Amino acid sequence: MKPIKQIRKVCVVGAGAIGGLFAGHLGAIVETSVLVRRTGHAEQLNKEGLRVSGKSVRQVNITAATDPAALGEVDLVIIATKANAVEGIAATMAGHFRHAMMMTVQNGLGCEDLVSRQGGWPIISAVTFMSGLRHSDVHVEYELDTETWMGPWAQGSADFESVERVADLIRRSGLKAKSFPSLLPAQWSKLI
């Protein structure tokens, strides 16, 4: 795959605390959608938007759905679900987001493999150290403003140039990010 030239559309999968922080910040600078499990959650986000409070304050309009087909094509998908939900959500996304790069932000190893089984997407491995509190379906509080570390998944086709573009996008949104040519040592250090 050629490196991503420009990221214009992002989909965040999961709109809990971490997913909400990504969607709330990225939604201020690029077209952002979220893929959620519950219809009521999607409806409320579509009606009210997403509010971030705490370390940053913003209100953004986003598109939300429970079906990836309703969101169209995007350039970047950030999977911000709990690790035990990754396999199921990856199966739901099979056949969708064909030209996107995937980024997993679960703390741990193995999620990338689960995602790769469902599509030929380039995958960015990431771990995040930021934290937040989910107050409601449409409000998250940004508590700990620390970095998200990312790098190309060692067994995939993502390149470091694309990882750097994603890290730059995240930094421009007001969040912290650091790119690595190989994330494996960083992943192990967080696990330990």
Side-chain angles (χ1 to χ4, degrees), residues 1-16 18-23 25-27 30-39 41-42 45 62-128 148-170 173 175 177 179-184 186-187 191:
M1 176 180 171
K2 293 181 180 179
I4 295 174
K5 295 298 181 199
Q6 187 173 15
I7 302 168
R8 294 186 176 103
K9 293 183 178 183
V10 175
C11 176
V12 178
V13 179
I18 299 301
L21 290 174
F22 277 115
H25 283 81
L26 291 168
V30 294
E31 186 178 329
T32 301
S33 60
V34 293
L35 182 62
V36 295
R37 288 181 298 114
R38 295 180 292 108
T39 301
H41 190 179
L45 284 166
I62 54 176
T63 302
T66 58
D67 180 356
L71 299 175
E73 287 300 323
V74 300
D75 303 308
L76 173 66
V77 175
I78 298 173
I79 302 172
T81 63
K82 298 289 186 195
N84 62 3
V86 170
E87 188 169 22
I89 198 63
T92 299
M93 293 188 300
H96 301 282
F97 308 129
R98 289 186 179 103
H99 305 289
M101 178 168 287
M102 297 283 165
M103 183 169 92
T104 60
V105 294
Q106 291 70 28
N107 299 327
L109 301 168
C111 291
E112 302 91 345
D113 185 52
L114 296 173
V115 173
S116 74
R117 293 178 196 168
Q118 300 300 327
W121 305 291
I123 298 173
I124 296 173
S125 300
V127 293
T128 190
T148 296
W149 293 349
M150 62 190 69
W153 180 44
Q155 298 166 352
S157 61
D159 58 43
F160 186 59
E161 182 181 345
S162 294
V163 173
E164 288 182 309
R165 289 186 199 282
V166 172
D168 179 63
L169 176 73
I170 290 170
S173 80
L175 298 173
S179 53
F180 295 84
S182 171
L183 190 66
L184 212 48
Q187 284 176 305
L191 281 171

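Being a predicted model, the structure only gives us computed values, none of them experimental.
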Donor-acceptor check, side chain of [X] to backbone of [Y], threshold 3.5 angstrom: yes or no?
| X | Y | result |
| --- | --- | --- |
| Thr32 | Gly27 | yes |
| Trp121 | Phe97 | yes |
| Glu112 | Ile124 | no |

Taking all non-hydrogen atoms of both residues into account, name the closest pair between [X] and [Y] and its distance.
| X | Y | answer |
| --- | --- | --- |
| Met93 | Val77 | SD-CG1, 4.1 Å |
| Pro68 | Thr92 | CG-O, 3.4 Å |
| Ser173 | Leu26 | CB-CD2, 3.8 Å |
| Val74 | Lys9 | CB-O, 3.6 Å |
| Met101 | Ala158 | CE-CB, 4.1 Å |
| Val166 | Ile7 | CG2-CD1, 3.7 Å |

Neighbour count above 12 (heavy atom, 6.0 Å) for [X] [atom1]:
| X | atom1 | answer |
| --- | --- | --- |
| Glu87 | CD | no |
| Gln118 | CD | yes |
| Arg8 | CZ | no |

Report task. Output all residues satisfying side chain to side chain contact (heavy atoms under 4.5 Å, CB included) with Ala65, sequence neighbours left out; order by chain, then residue number. Result ->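 Ala65 satisfies side chain to side chain contact (heavy atoms under 4.5 Å, CB included) with Ala70, Leu71 only.
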Nearest-0.5 Å distance, [atom1] of residue [X] to [atom2] of residue [Y]:
| X | Y | atom1 | atom2 | answer |
| --- | --- | --- | --- | --- |
| Leu35 | Thr81 | CG | OG1 | 10.0 Å |
| Met150 | Leu183 | CE | CG | 9.0 Å |
| Asp75 | Cys11 | CG | SG | 11.5 Å |
| Ser125 | Met102 | OG | CE | 13.5 Å |

If you define the side chain from C-beta out and look only at heavy atoms, does anything of [X] sit under 4.5 Å from [Y]?
| X | Y | result |
| --- | --- | --- |
| Leu169 | Arg165 | no |
| Gln155 | Ser116 | no |
| Met103 | Ile170 | yes |
| Trp153 | Asp113 | yes |

Report summary line: Residue set satisfying side-chain hydrogen bond (donor to acceptor under 3.5 Å, both in side chains) with Arg37, at least two apart, ordered chain then number -> none
**Report entry** side-chain contact (heavy atoms from CB on, under 4.5 Å) evaluation trace for Val10 with Phe22
**Finding:** CA-CA 10 Å; Val10 175; Phe22 277 115; over 6 Å; no
Query raised in the report: Does a donor on one side chain and an acceptor on the other come within less than 3.5 Å for Thr148 and Thr128?
Result: yes
